[in-house]
There are 2 protein chains.
Amino acid sequence: MFQALADPNRRQMVQRLCEGPASVSELARPLEMTLSAVVQHLSVLEAAGLVRSQKIGRVRTCRLDTQALRAAEGWISERRALWERRFDRLGALLAEQDGTLETGEKA
Amino acid sequence: MFQALADPNRRQMVQRLCEGPASVSELARPLEMTLSAVVQHLSVLEAAGLVRSQKIGRVRTCRLDTQALRAAEGWISERRALWERRFDRLGALLAEQDGTLETGEKA
DNA sequence: AAGATACTTAAGCGTATGCTTCACCAACCG
DNA sequence: CGGTTGGTGAAGCATACGCTTAAGTATCTT
């Protein structure tokens with residue numbers, strides 16, 4: 001998942017797919033690399049669940065699948081929230097001690 | 001950034017750091033690898049802005065920096081929103097057409 | 001049917017990544 | 001003081017990654 005988003009070219013492909021479905025060669029056009037390379041990137045994105053695609057005739061049309069994006073976003077925000085809550089508690093604890101100055105709480 | 005989060009060991013370190021600051025060897029303990037390897041991972045996380053650390057005496061204490069996490073989260077949610085807005089518009093468009101014509105559509 | 005188009009697959013290659021070992025320094029501890 | 005603890009840095013190595021070329025298949029187009 002994060003692995004898939006780690007590559008700038010792949011992120012650019014995701015970016016493009018945000019604006020709507022695209023064929024493989026459409027995805028390839030702005031990227032300075034072979035169609036072959038693009039297909040390989042695509043299969044990484046697809047394996048990560050970020051993209052789904054179907055072939056009609058000889059053209060494969062790709063579209064974003066936001067569920068994976070949602071999962072990644074969730075992972076991050078969960079951790080961020082965890083840390084920030086901890087941070088807030090610490091702040092509160094310090095403020096408390098600053099005022100009353102008594103029993104020591106253990107972490 | 002995503003590169004840094006791409007490695008499972010690094011994610012585990014981030015996970016640990018969510019629960020509070022830790023020294024390098026504390027971070028290393030649950031991971032089955034050398035201290036050396038852990039330090040290398042740490043420097044990746046630090047270069048990505050995910051972690052900050054300071055050395056006191058001979059122990060380096062590491063803490064999470066949520067700003068980078070926030071940025072990653074923002075990137076994802078921005079793109080997801082972009083796509084989902086598009087998706088909704090498409091749905092509206094289809095619903096609109098649904099009223100006006102009724103020919104056999106392909107599944 | 002001939003040719004172009006849109007991929008697809010496999011092989012190969014250079015570089016980056018993740019890891020280990022080894023040598024080393026700087027604090028703390030008795 | 002010497003020894004242990006906590007971390008650092010460089011070198012080396014195996015594997016993974018990103019890419020290319022080349023050869024092939026299936027689908028339009030004319």
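Reminder, nothing fancy here: chain letters follow the sequence lines and each chain counts from 1.
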- Message: Contact between B:Trp75 and B:Glu78 at the side-chain level, heavy atoms closer than 4.5 Å - yes or no?
- Response: no
- Task: Describe the nucleic acid contact of A:Thr34 in one word from base, sugar-phosphate, nothing, applying a heavy-atom distance below 4.0 Å.
- Result: base
- Taking B:Leu45 as the fixed residue, which of B:Arg52, B:Met13, B:Arg11 is the one that meets the side chain to side chain contact (heavy atoms under 4.5 Å, CB included) rule? B:Met13
- Taking C-beta and beyond as the side chain, do B:Gln12 and B:Pro30 meet within less than 4.5 Å on heavy atoms? yes
- Once you round it to whole Å, what is the distance between C1' of C:dC7 and NE2 of A:His41? 16 Å
- Let me know the distance between CD of A:Gln3 and C1' of D:dA16, rounded to the nearest Å. 9 Å
- Which value, rounded to the nearest 0.5 Å, describes the distance between A:Arg86 atom CZ and B:Leu64 atom CG? 10.5 Å
- Query: Which residues within residues 46-64 of chain A lie with some heavy atom under 4.0 Å of an atom in DNA chain D?
  - Reply: A:Gly57, A:Arg58
- Task: Write down the distance between CE (B:Met33) and P (C:dT17), rounded to a whole number of angstrom.
- Result: 16 Å
- Nearest-Å distance for atom pair CD/P, residues B:Glu32 and C:dG18: 18 Å
- Query: Reckon A:Ser23 has a side-chain N or O less than 4.0 Å from the OP1 or OP2 of C:dC7?
  - Reply: yes
- To the nearest 0.5 Å, what is the distance between CD (B:Gln3) and CZ (A:Phe2)? 12.5 Å
- Message: Can you measure A:Leu45 atom CG to D:dG18 atom C1' for me and round it to whole angstrom units?
- Response: 13 Å
- Pairwise 5' ranking along DNA chain C for A:Val39 and B:Ala6, keeping only the more 5' one: A:Val39
- At under 4.0 Å, does any side-chain N or O of A:Ser36 touch on OP1 or OP2 of D:dT20? no
- Task: Could you tell me whether the side chain of A:Gln40 has a donor or acceptor atom within less than 3.5 Å of a complementary atom in the base of D:dT20?
- Result: yes
- Query: Side chain of B:Thr34, backbone of B:Ala37: donor and acceptor closer than 3.5 Å?
  - Reply: no
- Task: Could you please spell out the steps behind the side-chain contact (heavy atoms from CB on, under 4.5 Å) verdict for B:Leu5 and A:Leu5?
- Result: CA-CA 10 Å; B:Leu5 287 176; A:Leu5 287 177; over 6 Å; no
- A:Thr66 (side chain) donor-acceptor with A:Leu69 (main chain) under 3.5 angstrom: no
- Item | Whole-Å distance separating the CG atom of B:Leu35 from the P atom of D:dG9 | 12 Å
- Query: Rounding to a whole Å, what distance do you find between A:Leu42:CG and D:dC19:C1'?
  - Reply: 16 Å
- Message: Under 4.0 Å, heavy atom to any atom of DNA chain D: which of residues 7-21 of chain A qualify?
- Response: A:Asp7, A:Asn9, A:Arg10
- Got a second to check how far A:Glu46's CD is from A:Cys62's SG, nearest 0.5 Å? 6.5 Å
